[in-house]
Number of protein chains: 2
Amino acid sequence: MRMTPMIESFVCHFGEMGSRWGFNRTVGQIYALLVISEQPLSANDIADMLGISRGNVSMGLKELHSWQLVQTTHRQGDRKDYYQSRGSIWDMANRVFEERRKREMDPTLSLLRDIMLDEAANPDEAFAQQRIGEIHDLLENITEWTQSLQSLSPEKLNTLMKLGSGVGKVLDFKDKFMAKKAD
Amino acid sequence: MRMTPMIESFVCHFGEMGSRWGFNRTVGQIYALLVISEQPLSANDIADMLGISRGNVSMGLKELHSWQLVQTTHRQGDRKDYYQSRGSIWDMANRVFEERRKREMDPTLSLLRDIMLDEAANPDEAFAQQRIGEIHDLLENITEWTQSLQSLSPEKLNTLMKLGSGVGKVLDFKDKFMAKKAD
DNA sequence: TTAAAGTTTCAGAATTTTCTGAAAGTATTA
DNA sequence: TAATACTTTCAGAAAATTCTGAAACTTTAA
């Protein structure tokens, strides 16, 4: 694959976004390249196309590997490793969510839990503890909910997303039905 | 409020998390302090408690203000500005989501849209464009959906979250009902 | 109008993150 | 076993981000 202005702008942007999405520029660019390339690419291809060092590519691929976002393939009579993006777009989104949950939610939840186990030493701490409790409960709810959403099939998730705020109506409806059933 | 080990560990952690959540360490710490403080704090209080410069506090508060996460109050016969966290925990979570959407999704969606309007110059670009289209559609779905969720009342959202993956059953049920109604 | 009490800005220092490239490591083949 | 073709690591260089503090600015009240 050759770098064209279109491909370059996509790759660049993914690089910039990378840092917002939890990985660094290079990692973002490498992944972008792999996603839009029909053929697997070698580490050298990637280094050349992005104009970055071979070592940097190796580290980036290592990270993408740990996120399970790339896979390695080989070719007959060629010792090089070739890299390919892995799974569907949904899989990729799932991985990113999961990884972010691990980085952004889990450590916080664990600290908040610890704090709540402490005895408040004075009224300030008692107030703080109460607020911390609220934050903990909210984060825990969100975490559990997103986890359960991820266990839903892509089709169900799609239905749910298409429903948009209409999901409110479905909930009302369910309540009514449950009430009737209790008669 | 005095710094105690409990309060300090909470504040420190929020600082570290800050960078993952889209704001820098100082901003995270300032916000943490304001959230768990029952009384509003002056900029000097904050600088002293966190051991950082007055200028840094000013910049941090400015950013929190732009996120609409703090509000300024005053006291009779006192010229100082006092700062307070704003809104409920839900409001805070909403703000963070919204801000992140603005930073992480909107620019990407807009770039992807632009790319899709271009004419593919060769087969590589045609393939790339197709993948980019998939990514665009997924991101757009997620964006619209999260927006519509945010417009739901906190109670409805809570019901929905409590439902967890049980939401799948409710969807099935709704389908069945719709089918019957069509008879 | 002026002094006092406060806030904001911003250039450069300090710190953190990322990147390079040479050296070390690991297959594979002859 | 040695030569070859490739990958990985990591110390230090480069770049990006964050923080400080002095100076400029704003508001209030006497």
Side-chain angles (χ1 to χ4, degrees), chain A residues 11-34 40-67 70-84 99 103-104, chain B residues 11-34 40-67 70-84 99 103-104:
Chain A
V11 166
C12 269
H13 182 84
F14 244 68
E16 277 162 43
M17 276 301 136
S19 45
R20 303 202 185 291
W21 279 89
F23 34 81
N24 72 28
R25 186 156 57 85
T26 312
V27 172
Q29 292 188 345
I30 295 174
Y31 187 61
L33 212 49
L34 293 176
L41 301 172
S42 75
N44 277 314
D45 292 340
I46 297 171
D48 291 346
M49 292 176 76
L50 297 180
I52 59 178
S53 76
R54 191 58 195 67
N56 202 2
V57 171
S58 174
M59 291 197 291
L61 286 170
K62 190 179 160 193
E63 180 155 359
L64 286 171
H65 223 93
S66 81
W67 286 45
V70 296
Q71 69 189 77
T72 312
T73 59
H74 291 277
R75 288 189 196 162
Q76 276 256 328
D78 186 342
R79 291 192 198 164
K80 277 204 201 73
D81 289 350
Y82 286 84
Y83 302 90
Q84 221 174 359
E99 198 62 33
R103 297 179 176 204
E104 298 176 357
Chain B
V11 165
C12 268
H13 182 85
F14 246 67
E16 275 161 46
M17 275 301 138
S19 46
R20 303 201 187 291
W21 279 90
F23 33 81
N24 72 28
R25 186 156 58 84
T26 312
V27 172
Q29 292 188 346
I30 295 175
Y31 188 62
L33 211 50
L34 292 176
L41 302 173
S42 74
N44 276 315
D45 292 340
I46 296 171
D48 290 347
M49 292 176 78
L50 297 180
I52 59 178
S53 76
R54 192 58 195 65
N56 201 1
V57 171
S58 173
M59 290 198 291
L61 286 170
K62 192 178 159 192
E63 180 154 359
L64 286 171
H65 223 92
S66 82
W67 285 47
V70 296
Q71 69 190 75
T72 311
T73 58
H74 293 276
R75 285 189 198 163
Q76 275 255 329
D78 185 343
R79 293 191 196 164
K80 277 206 201 73
D81 289 351
Y82 286 84
Y83 301 90
Q84 217 173 5
E99 198 62 33
R103 297 177 175 205
E104 297 176 358

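Naming convention: chains lettered A, B, ... in sequence-line order (proteins, then strands); numbering from 1 in each chain. Not measured: the values here are computed from a predicted model.
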For dC19(D), does OP1 or OP2 lie under 4.0 Å from any side-chain N or O of Thr26(B)? yes
Closest heavy-atom contact between Glu104(A) and Met17(B)? O-SD, 3.6 Å
Between Glu63(A) (CD) and dT17(C) (P), how many Å, whole number? 13 Å
Closest heavy-atom pair and its distance - Val27(B), Gly60(B): CG2-CA, 3.9 Å
Which residues pass the ring-ring contact (aromatic ring centres under 6.0 Å, His included) test with Tyr83(A), sequence neighbours left out? none
Test item: Arg103(A) side-chain N/O and Gly22(A) main-chain N/O as donor-acceptor pair under 3.5 Å: yes
Using the salt bridge (Lys or Arg N to Asp or Glu O under 4.0 Å) criterion, which residues pair with Arg75(A)? Sequence neighbours excluded. none
Sequence-distant partners of Glu16(B), salt bridge (Lys or Arg N to Asp or Glu O under 4.0 Å), two or more places apart: none
For atom CG of Leu61(A) and atom P of dC19(C), their distance in whole Å: 13 Å
Residue pair Asp81(A)/Gly51(B) against DNA chain D: nearer the 5' end by closest nucleotide is Asp81(A)
Run the numbers on Leu34(B) and Leu61(B) for side-chain contact (heavy atoms from CB on, under 4.5 Å), then give the verdict. CA-CA 10 Å; Leu34(B) 292 176; Leu61(B) 286 170; 4.2 Å; yes
Have a look at Ile30(B) and tell me which of Leu50(B), Asn56(B), Val11(B) forms a side-chain contact (heavy atoms from CB on, under 4.5 Å) with it. Leu50(B)
Hey, does the side chain of Lys80(B) come within less than 4.0 Å of dT7(C)'s phosphate (OP1/OP2), counting only N and O? no
Are Lys62(B) and dT7(C) close enough that a side-chain N or O sits under 4.0 Å from OP1 or OP2? no
Atom CD of Glu16(B) to atom C1' of dT18(D): distance rounded to whole Å? 15 Å
In whole angstrom, give the distance that lies between atom CG of Asn24(A) and atom C1' of dA16(D). 12 Å
How would you list, by chain and number, every residue that makes a side-chain hydrogen bond (donor to acceptor under 3.5 Å, both in side chains) with Ser53(A), sequence neighbours excluded? none
Using atom CZ of Arg75(A) as one end and atom P of dA5(D) as the other, report the distance to the nearest whole Å. 18 Å
Take the protein atom CZ of Phe23(A) and the nucleotide atom P of dT17(C), then report the distance between them rounded to whole Å. 18 Å
What integer distance in Å separates His74(A):NE2 from dC6(D):P? 12 Å
Please report the distance, rounded to the nearest Å, between CZ in Arg25(A) and C1' in dA14(D). 12 Å
Of all of residues 41-49 of chain B, which get a heavy atom below 4.0 angstrom from DNA chain C, listed by number? none
Sugar-phosphate or base contact per nucleotide [nucleotides 21-30 of chain C; S, B, -; heavy atom under 4.0 Å]: B------BS-
